[in-house]
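Whatever order the structure lists ligands and atoms in, that order sets their numbers, starting from 1.
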Amino acid sequence: MRGGRHIAAVTDASFDLAPGECLALVGESGCGKSVLASALLGLLPGNARTAGAAVLTGTPADGSPRPGAAGSAPLPGIDLLTATERELARSVRGRRVGLVPQSPAAHLTPVRTVRAQLEETVRELTDVPRHELRSAAEGAAERAAFPADHLDRYPHQLSGGLAQRAATALALVGEAPLLIADEPTTGLDRDLVDRTVDELRRHADDGRALLMITHDLAAAERIADRVAVMYAGRIVELADAAEFFGTPGPRHPYARGLLDALPERAFAPIPGLPPELGALPDGCAFAARCPHATAACATVPEPVDGVACHHVPTDAQAHAQEPADA
Ligand SMILES: Nc1ncnc2c1ncn2[C@@H]1O[C@H](COP(=O)(O)OP(=O)(O)O)[C@@H](O)[C@H]1O
Ligand SMILES: [Mg+2]
C-alpha cells in the first residue's frame with residue numbers, strides 16, 4: 001500500500017517447482033520478483049495482503065531424514081500464505097525454505113562475525129557435532145566463495161559482494177528442500193557469478209528445489225531448467241529454459257525484448273519503461289512498449305501454453321490452421 005492506496009505488486013502468479021529443479025524468475029527491476037519471494041516466506045510488511053495458496057509439500061526427494069522431521073517420515077504439507085508467523089519462524093524459514101535475501105547486509109547480524117553466524121546456523125540447522133562446527137562453518141564459506149581470512153570480520157567490514165557471499169553461505173547451510181535466492185549474484189564479477197551459480201545449481205542437483213530470482217539472464221541460462229518471466233507483477237511467460245534460451249526462443253514479445261537487449265545478442269534495448277504498478281493500464285501492461293500491440297491488447301491476456309499474449313499462436317491455434325485429417 002502506498003499513500004493509502006493498494007498496489008497489486010504480484011497478480012495471478014502460478015507455477016510449480018519440483019525437487020531437483022531450478023526455476024529462474026527473471027524480469028526488470030520493480031516487476032515484483034522480491035515481493036513474490038517475500039510472500040513465500042511470510043516476510044511481507046504487515047499491511048500487505050495475499051490471496052491464493054503456495055503449497056510446500058513435505059517429501060524430501062531422497063527420502064532422507066531432515067532436521068525437524070521424525071525419522072524419514074515426510075513433513076506435513078503447508079500453505080506458506082496462510083501459515084502462522086510461529087509456524088514460519090519455527091519450522092519453515094531456514095529449515096524448509098532457505099533464503100538468500102536481496103539485501104544481505106540488512107539480514108546479517110551486525111554485532112557478530114561471519115564465522116560466529118555461520119557456526120550458529122550450522123548448530124541450529126544441522127546435526128554436525130560441536131567439535132566440527134568450526135570446520136563445517138569454514139566449509140560453508142568455501143562453498144559460497146567467501147574467503148576464509150575474512151571470516152572473523154563483522155558485516156560492516158564487508159564489501160557488498162562479500163556480504164552477498166556470506167548470505168549465500170548462510171542460506172546453503174540448512175540444505176532446505178526449497179531455496180529461494182533473490183539476486184544472489186549482485187555485485188559479483190563474472191567468475192564469482194559463475195561459481196555462485198554453480199554452487200546453487202548443486203543444491204538443485206542434490207534433489208532440492210531452487211527458485212533463482214535474477215535480472216541476469218546469463219546467470220539464468222547457466223542455472224535454470226525452466227524460466228518464468230515477470231512483467232509488471234504478472235508472469236507473462238513460463239518456459240523450458242533450453243527452448244527459451246535456444247530454439248525456438250522466447251515467445252512473449254517482452255521476453256524476446258529482454259533477450260534481444262543483451263550485448264551478446266542484438267543489443268537492442270526495449271523502448272520505454274515499465275509502467276508504475278500504481279498506474280497500470282487496463283489491458284496488457286506491455287502493450288505500450290510492444291511492437292505487436294493491437295486493439296486486442298486492451299484486455300489482459302490469459303496465459304495459454306505458458307504465455308500471456310494475444311499475439312502468440314497457441315499450439316491449438318497452430319494445429320487448427322493445419323488441414324484436418326480425413
Ligand atoms: N512495502 C511496499 N509498499 C509499496 N510498494 C512496494 C512495497 N514493496 C515493494 N513495493 C513495490 O512493488 C514493486 C515490486 O517490487 P520488487 O518485488 O522489489 O521488484 P523486483 O524485485 O522485481 O525488482 C515495486 O514497484 C515496489 O516499489
Ligand atoms: Mg528484487
Side-chain angles (χ1 to χ4, degrees), residues 1-15 17 22-52 54 80-81 85 93 97-108 160-161 163-164 167-168 171 178-188 193 196-197 200 210-220 223-224 226-238 250 252 254-255 257-259 261-262 269-270 272-281 284-286 288-289 300 308:
M1 201 166 86
R2 185 183 280 158
R5 286 179 308 133
H6 274 281
I7 290 179
V10 177
T11 307
D12 294 340
S14 175
F15 60 88
L17 184 53
C22 171
L23 175 69
L25 182 61
V26 304
E28 285 163 296
S29 183
C31 69
K33 304 182 298 295
S34 294
V35 167
L36 181 58
S38 299
L40 295 178
L41 283 149
L43 294 175
L44 288 172
N47 62 355
R49 287 196 221 140
T50 57
L80 299 171
L81 297 189
E85 171 56 29
R93 289 186 209 123
V97 186
L99 174 70
V100 181
Q102 178 165 11
S103 321
H107 281 74
L108 297 168
Q164 186 68 66
T168 301
L178 169 62
L179 181 63
I180 301 176
D182 193 352
E183 307 278 5
T185 60
T186 307
L188 305 183
V193 168
T196 303
V197 162
L200 291 168
L210 175 64
L211 180 62
M212 168 80 171
I213 298 177
T214 184
H215 63 261
D216 178 347
L217 291 164
I223 198 171
R226 286 187 302 139
V227 185
V229 182
M230 255 185 125
Y231 187 76
R234 288 177 185 268
I235 294 178
V236 295
E237 177 162 355
L238 193 55
H252 193 285
Y254 172 63
L258 276 184
L259 278 197
L262 296 177
I270 305 173
L273 291 170
E276 288 278 332
L277 291 185
L280 283 183
C284 171
F286 187 61
R289 303 170 77 186
V300 175

Check your understanding: What are the atoms of ligand 1, with element, lying closer than 4.0 Å to any heavy atom of Pro45?
Key -> 1 (N)

Check your understanding: Parallel under 30°, tilted from 30 to 60°, perpendicular over 60°: which one fits the rings of Tyr231 and Tyr254?
Key -> tilted

Check your understanding: Which atoms of ligand 1 have any heavy atom of Gly30 under 4.0 Å away?
Key -> 13 (C), 14 (C), 19 (O), 20 (P), 22 (O), 23 (O), 24 (C), 25 (O)

Review point. Once you round to the nearest 0.5 Å, how far does OG of Ser103 lie from CG of Asp182?
Key: 8.0 Å

Practice item. Before accepting this row, confirm whether a basic side-chain N of the pair Arg5/Glu276 lies closer than 4.0 Å to the acidic partner's carboxylate O. Key: no

Revision key, fill the gap. The atoms of ligand 1 lying under 4.0 Å from a heavy atom of Ala9, numbered in the order shown, are 12 (O)

Check your understanding: Near Ser29, which atoms of ligand 1 are under 4.0 Å from a heavy atom of that residue?
Key -> 23 (O)

Point to revise | Separation of Leu40 CG from Ile180 CD1 (nearest 0.5 Å) | key: 4.5 Å

Check your understanding: Is any side-chain N of the basic residue among Asp12 and Arg234 closer than 4.0 Å to the acidic one's carboxylate O?
Key -> yes

Review point. Which of the numbered atoms in ligand 1 are below 4.0 angstrom from a heavy atom of Ser34?
Key: 17 (O), 18 (O), 20 (P), 21 (O)

Practice item. List the steps, then state whether side-chain contact (heavy atoms from CB on, under 4.5 Å) holds for Asp216 with Glu183. Key: CA-CA 8 Å; Asp216 178 347; Glu183 307 278 5; 5.8 Å; no

Check your understanding: Taking the non-hydrogen atoms of Ile7, is any one of them nearer than 4.0 angstrom to ligand 1?
Key -> no

**Study point:** Atom indices of ligand 1, in the order listed, that fall short of 4.0 Å to a heavy atom of Cys31
**Key:** 19 (O), 20 (P), 22 (O)

Check your understanding: For ligand 1, is any non-hydrogen atom under 4.0 Å from Val35's backbone (N, CA, C, O), its side chain (CB onward), both, or neither?
Key -> both

Check your understanding: What is the OE1(Gln102)-the Mg ion (ligand 2)-OG(Ser34) angle, to the nearest 10 degrees?
Key -> 70°

Point to revise | ligand 1 contacted by Gly27 (non-hydrogen, < 4.0 Å) | key: no

Practice item. Apply side-chain contact (heavy atoms from CB on, under 4.5 Å) to Phe15 and Leu25, showing your working. Key: CA-CA 11 Å; Phe15 60 88; Leu25 182 61; 5.8 Å; no

